[in-house]
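These notes concern the structure reproduced below.
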Amino acid sequence: MKGLFRLVITLSIITPVTIFFGYIIMDEGDQFTAEHYMVSALGTVPLIFALLVKFLMTGAEKE
């Protein structure tokens with residue numbers, strides 16, 4: 001279970017960075033808009049959920 005959480009957290013950290021740079025490349029680096037920041041922020045939602053589930057499951061593995 002630890003390996004699964006590590007994988008999910010790693011992918012969740014990489015996702016917003018990839019989205020942010022993807023938008024810059026697609027937009028040819030012209031300008032940063034609110035859309036860039038909004039999509040990057042929404043990309044962190046899986047990380048928050050993964051950390052929340054990991055926190056809630058820490059007690060379940062000990063029993």
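Heads up: numbering here begins at 1 and tracks the sequence.
Taking OG of Ser12 as the reference point, atom CD1 of Ile48 lies at 10.0 Å (rounded to 0.5 Å). Remark: Leu42 CG to Thr15 OG1 distance equals 12.5 Å, nearest 0.5 Å.
Ile13 and Leu51 fall within a single hydrophobic cluster, where Ile, Leu, Val, Met, Phe, Trp and Tyr are joined by side-chain heavy atoms under 4.5 Å apart, directly or via other members.
Take Leu7 and apply the side-chain contact (heavy atoms from CB on, under 4.5 Å) test, not counting sequence neighbours, and it matches Leu11.
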